[in-house]
Participant: 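Here you go, one structure.
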Amino acid sequence: MPSYQFRCRSCGDTFEVSRPMARSGDPADCPAGHADTVKLLTTFGTVGGSSAAAPTPAAPSGGGCCGGGCCR
């Protein structure tokens, strides 16, 4: 079950709530009993497990307005 982080605007505490994805947008009360909370944006990352190299970013092509074409 996914976990979602919330921060209480009243006391500043950050806490985690586990719930189904279908209820991810539901409000959550602070463990101290405050109702003024906000859901935090979190990122998910993985490490290792693959032997493939990470893709390299594409080099700028030099075209377009800000690629050196018309901006002076």
Side-chain angles (χ1 to χ4, degrees):
M1 188 170 314
S3 295
Y4 302 94
Q5 287 189 332
F6 290 83
R7 174 166 288 141
C8 177
R9 291 181 181 166
S10 298
C11 68
D13 189 25
T14 300
F15 59 96
E16 201 169 274
V17 176
S18 294
R19 59 171 62 149
M21 289 178 71
R23 293 186 47 222
S24 66
D26 291 356
D29 287 339
C30 167
H34 306 120
D36 189 14
T37 61
V38 62
K39 184 177 168 191
L40 301 177
L41 270 180
T42 55
T43 58
F44 175 78
T46 60
V47 178
S50 174
S51 61
T56 56
S61 65
C65 180
C66 291
C70 65
C71 297
R72 299 202 191 289

Participant: With sequence neighbours excluded, what pairs up with Arg9 under the salt bridge (Lys or Arg N to Asp or Glu O under 4.0 Å) test?
Facilitator: Asp36
Participant: Minimum heavy-atom separation for Ala28 to Val17, with atom names?
Facilitator: CB-CG2, 4.0 Å
Participant: Do Cys30 and Cys11 come within less than 4.5 Å of each other through their side chains, counting heavy atoms only?
Facilitator: yes
Participant: Scan for ring-ring contact (aromatic ring centres under 6.0 Å, His included) pairs involving residues 5-26, sequence neighbours excluded, and state none if there are none.
Facilitator: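 Of all non-adjacent pairs touching residues 5-26, those that pass ring-ring contact (aromatic ring centres under 6.0 Å, His included) are Phe6-Phe15.
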Participant: Please identify each residue that fulfils side chain to side chain contact (heavy atoms under 4.5 Å, CB included) with Asp29, with sequence neighbours left out.
Facilitator: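 Partners of Asp29 under the side chain to side chain contact (heavy atoms under 4.5 Å, CB included) test: Ala35.
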Participant: With clusters built from Ile, Leu, Val, Met, Phe, Trp and Tyr whose side-chain heavy atoms come within less than 4.5 Å, directly or transitively, what are the remaining members of the cluster of Leu41, listed by chain and number?
Facilitator: none
Participant: Quick one: ring pair (Phe, Tyr, Trp, His ring centres under 6.0 Å) partners of Tyr4, sequence neighbours excluded?
Facilitator: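 With sequence neighbours excluded, Tyr4 shows a ring pair (Phe, Tyr, Trp, His ring centres under 6.0 Å) to no residue whatsoever.
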Participant: What donor-acceptor contacts under 3.5 angstrom involve side-chain atoms of residues 18-25, with partners at least two apart or in another chain?
Facilitator:
| unit_1 | atom_1 | unit_2 | atom_2 | d |
| --- | --- | --- | --- | --- |
| Ser18 | OG | Ser3 | OG | 3.1 |
| Arg19 | NH1 | Arg23 | O | 3.3 |
| Arg19 | NH1 | Asp26 | O | 2.7 |
| Arg19 | NH2 | Pro27 | O | 3.4 |
| Arg23 | NE | Asp26 | OD2 | 3.0 |
| Ser24 | OG | Met21 | O | 3.2 |

Participant: Going by salt bridge (Lys or Arg N to Asp or Glu O under 4.0 Å), name the residues that satisfy it together with Asp13, two or more places apart in sequence or in a different chain.
Facilitator: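 Scan of Asp13 (salt bridge (Lys or Arg N to Asp or Glu O under 4.0 Å), adjacent residues dropped) gives none.
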Participant: With sequence neighbours excluded, what pairs up with Arg7 under the side chain to side chain donor-acceptor pair (under 3.5 Å) test?
Facilitator: Thr14
